[in-house]
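The structure under discussion appears below in the form of C-alpha cells.
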2 protein chains.
Amino acid sequence: MKSKGNMKTTSKGKSEKRVFHNNDECPIRNVVAQIGDKWSVLILFVLIEGPDRFNSLKSRVVGISQRMLTQTLRDLEREGYVNRTVYPEVPVKVEYELTSMGRDLIKPLYQLVSWAETHHDEIKRSRKAYDERS
Amino acid sequence: MKSKGNMKTTSKGKSEKRVFHNNDECPIRNVVAQIGDKWSVLILFVLIEGPDRFNSLKSRVVGISQRMLTQTLRDLEREGYVNRTVYPEVPVKVEYELTSMGRDLIKPLYQLVSWAETHHDEIKRSRKAYDERS
DNA sequence: CGGAATCCGCCGCGATACTG
DNA sequence: CAGTATCGCGGCGGATTCCG
C-alpha cells in the first residue's frame, strides 16, 4: 500500500502505528462507501453479463424498488462505473452498461465474491457460535 | 462464480439472464454488508499490523467514537474476523487481533484497496464531470 | 417505458454521561 | 482502561403517486 495522505505513521524513526482517516481523501473508503450500499454490487454483477435495460434490471435484481434502482444507477454513473444511453424511440429505451473502469472494478470485486462464497458457511457458523455464547 | 441458490438463470436451454437476490443467503451481500459500513475496513487494516488494544485502536482510527469502535469490533468478532482477548490485570487490558479468516479476508480486500488507490483520481474526475453536467 | 416527487419509518452513527 | 446506557438526528430505503 502506498502511503497516501490519509494513512500516516507516528514516525519516530522506525515506522510504527499507521493511522487511518475516514474522509473523502481515503481511496478505500471512497470505493467501499459506494459499493457497500444495499444494491450496488448486485447491479454491477448483473451488468457484467452485458448491457441491460431499466425494467430488465429491476426484475433481475430481485426486491429492488424503482426508486433505489434509479438512485443506485445514478450513483454508479457518477462514480464512472456505469454508462447510461437513451434511445429516443417510442416508448423510450434506456440501456445501462459497465464502463471500462466498471469492468475493471469487477476483477477485485470478483476476488471478494469468490472469497465470500468460500467462507460463507464458516461465517454463518461463527455467528451462530457467537450468538449462543451470549 | 459457482451457481448458488440466490443466483439463478431463467434457464431456457442456453443460460441467460442471471437473477440476484439480496438476502442472508447471498454470500457477497453478507460480506459486503459487514465491511461496507463506515469503520470496518479501517479497523481491519489497522489490525493487519498486529494485535492492538482498544484505546490504541481508537486513536489510530481517527474520528471513531467509543460506541462505534466497540460495536464494530463486536460485529467483526461475530463474523469471525477478529479475536478478542481479555488480560485480567489492573487495569484491564483487552487485545484485538485478526483471526486466520480475518487475515485471509485481507487478501481480496487488499486487491480492492490497490484498485481504489489506482483509480481514485479517475473517480474524482468522473464525479466532477457528472456534477458539472447537471 | 423509465423515470421524478413526496411522504415517512427505521436505524446507523455521533455525543454525552456513567461504570467495574 | 475498556467499556455500557441513553438520547437524538440525518439519511437510507420502501411505498405510493404522478409524468413525458
Side-chain angles (χ1 to χ4, degrees), chain A residues 17 20-24 26 29 32-43 46-47 51-79 82-97 130 133-134, chain B residues 17 20-24 26 29 32-43 46-47 51-79 82-97 130 133-134:
Chain A
K17 299 190 173 179
F20 288 77
H21 294 246
N22 188 350
N23 57 39
D24 286 1
C26 176
R29 275 303 304 161
V32 171
Q34 172 54 45
I35 63 143
D37 69 2
K38 195 170 180 180
W39 301 107
S40 288
V41 280
L42 298 180
I43 293 177
V46 163
L47 287 178
D52 205 354
R53 305 177 54 176
F54 187 85
N55 278 325
S56 174
L57 289 172
K58 183 161 168 13
S59 64
R60 295 173 67 193
V61 181
V62 179
I64 194 171
S65 66
Q66 266 184 1
R67 174 182 181 349
M68 288 317 296
L69 180 56
T70 301
Q71 183 175 307
T72 309
L73 284 170
R74 291 290 178 279
D75 291 342
L76 294 175
E77 188 190 358
R78 190 175 108 102
E79 298 292 292
V82 164
N83 254 333
R84 177 176 183 267
T85 311
V86 182
Y87 297 92
E89 311 166 355
V90 267
V92 186
K93 172 179 165 186
V94 180
E95 265 196 356
Y96 295 90
E97 62 178 344
Y130 183 94
R133 293 210 311 268
S134 65
Chain B
K17 300 192 172 179
F20 288 78
H21 294 246
N22 189 350
N23 57 38
D24 285 2
C26 176
R29 275 302 305 159
V32 170
Q34 172 55 45
I35 64 147
D37 69 2
K38 196 170 180 180
W39 301 107
S40 287
V41 280
L42 298 180
I43 293 177
V46 162
L47 287 178
D52 204 354
R53 304 177 54 174
F54 187 87
N55 278 326
S56 174
L57 289 173
K58 184 162 170 6
S59 64
R60 296 173 67 193
V61 181
V62 178
I64 195 171
S65 65
Q66 263 182 4
R67 169 175 157 62
M68 287 317 296
L69 180 55
T70 302
Q71 183 174 308
T72 308
L73 284 170
R74 292 290 178 278
D75 291 342
L76 294 175
E77 187 190 0
R78 189 174 109 101
E79 299 293 291
V82 165
N83 254 332
R84 177 176 182 270
T85 312
V86 182
Y87 297 91
E89 311 167 355
V90 266
V92 186
K93 172 179 164 184
V94 180
E95 265 196 355
Y96 295 90
E97 62 178 345
Y130 184 94
R133 292 211 310 267
S134 67

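For clarity, every value in this text was computed on a predicted model and none was experimentally measured. Lettering follows sequence order; numbering is per chain, from 1.
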Inset, instruction - Assess whether side chain to side chain contact (heavy atoms under 4.5 Å, CB included) is satisfied between A:Arg29 and A:His21, documenting all intermediate values. - result: CA-CA 9 Å; A:Arg29 275 303 304 161; A:His21 294 246; over 6 Å; no

Check: So what does B:Tyr96 hit on the nucleic acid, given a heavy-atom distance under 4.0 Å: a base, only sugar-phosphate, or nothing?
Finding: sugar-phosphate

Here the distance between atom P of C:dC13 and atom CG of B:Leu42, to the nearest Å, is 12 Å

Taking 4.0 Å as the cut-off, does a side-chain nitrogen or oxygen of B:Arg67 come that near to OP1 or OP2 on C:dC18? no

Separation of D:dC1 atom C1' from B:Asn55 atom CG, nearest Å, is 6 Å

Rounded to whole Å, the CD-C1' distance (A:Glu77 to C:dG2) equals 14 Å

Quick check against the 3.5 Å criterion: does A:Asp75 have a side-chain atom that pairs as donor or acceptor with the backbone of A:Arg78? no

Quick one: is C:dG14 close enough that its OP1 or OP2 comes under 4.0 Å of any side-chain N or O from B:Lys38?
-> yes

task = Would you check if the side chain of B:Thr72 reaches a backbone N or O of B:Leu69 as a donor-acceptor pair within less than 3.5 Å?
result = no

When rounded to whole Å, the CZ to P distance for the pair B:Arg60 and D:dA2 reads 14 Å

Picking from D:dC1, D:dG3, D:dG13, the nucleotide nearest the side-chain atoms of B:Pro91 would be D:dC1

From the list A:Leu57, A:Val61, A:Leu47, A:Ile64, side chain to side chain contact (heavy atoms under 4.5 Å, CB included) partner of A:Leu42 resolves to A:Val61

A:Met68 atom CE is separated from D:dA15 atom P, nearest whole Å, by 12 Å

Taking for A:Gln71 and for A:Val92 the nucleotide of DNA chain D with the nearest heavy atom, the one nearer the 5' end belongs to A:Gln71

Considering only heavy side-chain atoms of A:Phe54, the closest of D:dG13, C:dG3, D:dA2 is C:dG3

- Task: Report which part of the nucleic acid A:Gln66 touches: base, sugar-phosphate, or nothing (heavy-atom distance under 4.0 Å, all strands).
- Result: base

Just to confirm, is there a sub-4.0 Å distance from OP1 or OP2 of C:dA4 to any side-chain nitrogen or oxygen of A:Arg74?
yes

Exercise. Just call it for B:Arg53: base, sugar-phosphate, or nothing, with non-hydrogen atoms closer than 4.0 Å on any strand.
Key: sugar-phosphate

note: B:Leu57, atom CG; D:dA2, atom C1'; distance rounded to Å ~ 11 Å

Could A:Arg133 and B:Glu77 be called an ion pair, given the rule that one side-chain N must be under 4.0 Å from one carboxylate O? yes

To the nearest angstrom, the CG-C1' distance between B:Asp52 and D:dC1 comes to 13 Å

Rounded to whole Å, the CD1-P distance (A:Ile64 to D:dA15) equals 12 Å

